[in-house]
Amino acid sequence: MISPRLQDALNKQINAELSSSYLYLAMAAWFEAEDLKGMAHWMRVQAKEENGHAERIFDFINDCNGRVSLTAIEAPKAEWKSPWEAFEEAYGHEQKISAMINELMNLAGAEKSGATHDFLEWFVREQVEEESQVQLIVSKLKLVGDNGVGVYLVDQELAKRE
Ligand code: OFO
């Protein structure tokens, strides 16, 4: 059983996770168009992960006998000036998602829902990992700048993501 306020906030988080997935899929499409296949692959994997995050919340709401409600997802942008700009945006986006998860944690505490608090702990850990991974890619891209060989090497590295 979850309170209506928590249910509403969790449904908003489903939308945020699906919006993240859509954003990363848009980035994958742009990387494909730029022939940066490794980066496109990395973003496709990320988009799938975000979809999985939405489904985790979907399942949790149902497990609590709540009601899932899906809302519209805004169209993401389609162009970036450089791989660095795209990953920098992804990093900023993940920071916003982390802040949303923290807000949800606070709400779970305020609504005295130990189950939701416990459920969200996985997301807190996941966000630490995601922010750290994306930040490392941003640093590498910043380091290589406009150097084509450098961008090529980062692209090769990102192709290895499982
Ligand atoms: Fe990358 O954000 Fe989900 O949780």
Side-chain angles (χ1 to χ4, degrees), residues 1-32 36-78 80 83 85-141 157-162:
M1 178 74 193
I2 42 172
S3 70
R5 265 182 90 200
L6 256 182
Q7 177 174 290
D8 187 45
L10 287 166
N11 273 314
K12 284 200 177 89
Q13 193 64 34
I14 291 181
N15 183 284
E17 301 294 342
L18 292 175
S19 298
S20 303
S21 179
Y22 219 33
L23 172 65
Y24 298 141
L25 200 55
M27 288 180 177
W30 181 74
F31 283 127
E32 285 283 353
L36 290 163
K37 302 278 183 195
M39 295 187 196
H41 166 76
W42 195 97
M43 284 295 174
R44 292 276 298 259
V45 174
Q46 191 60 32
K48 279 189 193 128
E49 279 202 4
E50 299 302 347
N51 222 67
H53 295 170
E55 286 183 12
R56 260 179 192 263
I57 305 169
F58 181 103
D59 289 339
F60 178 73
I61 295 174
N62 285 318
D63 287 345
C64 295
N65 292 322
R67 183 76 167 90
V68 168
S69 65
L70 301 176
T71 49
I73 299 168
E74 258 184 63
K77 65 191 251 197
W80 288 268
E85 192 197 51
F87 275 95
E88 180 79 349
E89 185 174 328
Y91 180 54
H93 183 78
E94 285 308 320
Q95 287 179 309
K96 277 191 216 139
I97 295 290
S98 297
M100 287 182 83
I101 297 289
N102 286 335
E103 280 303 311
L104 268 175
M105 282 290 243
N106 289 340
L107 185 62
E111 299 282 306
K112 297 185 172 44
S113 175
T116 308
H117 202 276
D118 178 65
F119 167 72
L120 290 170
E121 277 174 3
W122 181 88
F123 280 87
V124 172
R125 288 193 299 275
E126 176 75 2
Q127 283 310 118
V128 171
E129 199 187 303
E130 286 197 350
E131 278 193 36
S132 144
Q133 277 176 358
V134 182
Q135 198 270 330
L136 193 61
I137 299 168
V138 171
S139 291
K140 285 179 184 169
L141 287 171
E157 190 189 326
L158 298 190
K160 292 181 195 139
R161 182 174 185 185
E162 288 171 12

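Just so we're clear, the structure is a prediction, and the values are computed from it rather than from any experiment. These values consider heavy atoms only, across backbone and side chains, with no hydrogens, waters or symmetry-generated copies.
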Residue list, ring pair (Phe, Tyr, Trp, His ring centres under 6.0 Å) with Phe123, at least two apart or on another chain
His53, Phe119
Could you walk me through whether Glu85 and Leu141 pass side chain to side chain contact (heavy atoms under 4.5 Å, CB included), step by step?
CA-CA 9 Å; Glu85 192 197 51; Leu141 287 171; over 6 Å; no
Roughly how far apart are [X] [atom1] and [Y] [atom2], rounded to 0.5 Å?
X: Ser20; Y: Met100; atom1: OG; atom2: CE; answer: 8.5 Å
X: Ser69; Y: Lys12; atom1: OG; atom2: NZ; answer: 9.0 Å
X: Leu120; Y: Glu103; atom1: CG; atom2: CD; answer: 12.0 Å
X: Ile101; Y: Trp122; atom1: CD1; atom2: CH2; answer: 9.0 Å
X: His41; Y: Glu32; atom1: NE2; atom2: CD; answer: 11.0 Å
X: Met43; Y: Trp30; atom1: CE; atom2: CH2; answer: 10.0 Å

Taking atom types as modelled, find out whether Gln135 and Glu94 have a side-chain donor-acceptor pair closer than 3.5 angstrom.
no
Could you check whether Ser98 and Glu131, counting side-chain N and O atoms only, form a donor-acceptor pair closer than 3.5 Å?
yes
Take Phe31 and Leu158 through the test side chain to side chain contact (heavy atoms under 4.5 Å, CB included) and record every step on the way to the result.
CA-CA 12 Å; Phe31 283 127; Leu158 298 190; over 6 Å; no
Is Glu89 paired with Lys77 through a side-chain N to carboxylate O contact shorter than 4.0 Å?
yes
Hey, is Glu126 close enough to Arg56 for a salt bridge, meaning N to O under 4.0 Å?
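Looking at Glu126 and Arg56, the cut-off is not met.
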Any side-chain heavy-atom pair of [X] and [Y] under 4.5 Å:
X: Gln13; Y: Leu104; result: yes
X: Glu50; Y: Glu130; result: yes
X: Leu70; Y: Asn15; result: no
X: Glu157; Y: Lys140; result: yes
X: Glu121; Y: Met105; result: yes
X: Glu129; Y: Arg125; result: no

Residue pair [X] / [Y]: nearest heavy atoms and the distance that separates them:
X: Ile57; Y: Leu10; answer: CG2-O, 3.6 Å
X: Val45; Y: Glu162; answer: CG1-O, 3.7 Å
X: Arg67; Y: Ile61; answer: N-CG2, 3.6 Å
X: Trp80; Y: Leu23; answer: CZ2-CD1, 4.0 Å
X: Pro83; Y: Met39; answer: CB-SD, 3.6 Å
X: Asn51; Y: Ser21; answer: OD1-OG, 3.6 Å

Test item: Asn62 side-chain N/O and Phe58 main-chain N/O as donor-acceptor pair under 3.5 Å:
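Yes: the side chain of Asn62 pairs with the backbone of Phe58.
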Any donor-acceptor pair under 3.5 Å from Asn11 side chain to Gln7 backbone:
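Looks like yes, one N/O pair under 3.5 Å.
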Heavy atoms of other groups near Tyr91 OH, more than 12 under 6.0 Å
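Yes, the 6.0 Å shell around OH holds more than 12 heavy atoms from other groups.
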Can the ring centroids of Phe87 and Trp42 be said to lie less than 6.0 angstrom from one another?
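Judged by ring-centre distance (under 6.0 Å), Phe87 and Trp42 do meet the cut-off.
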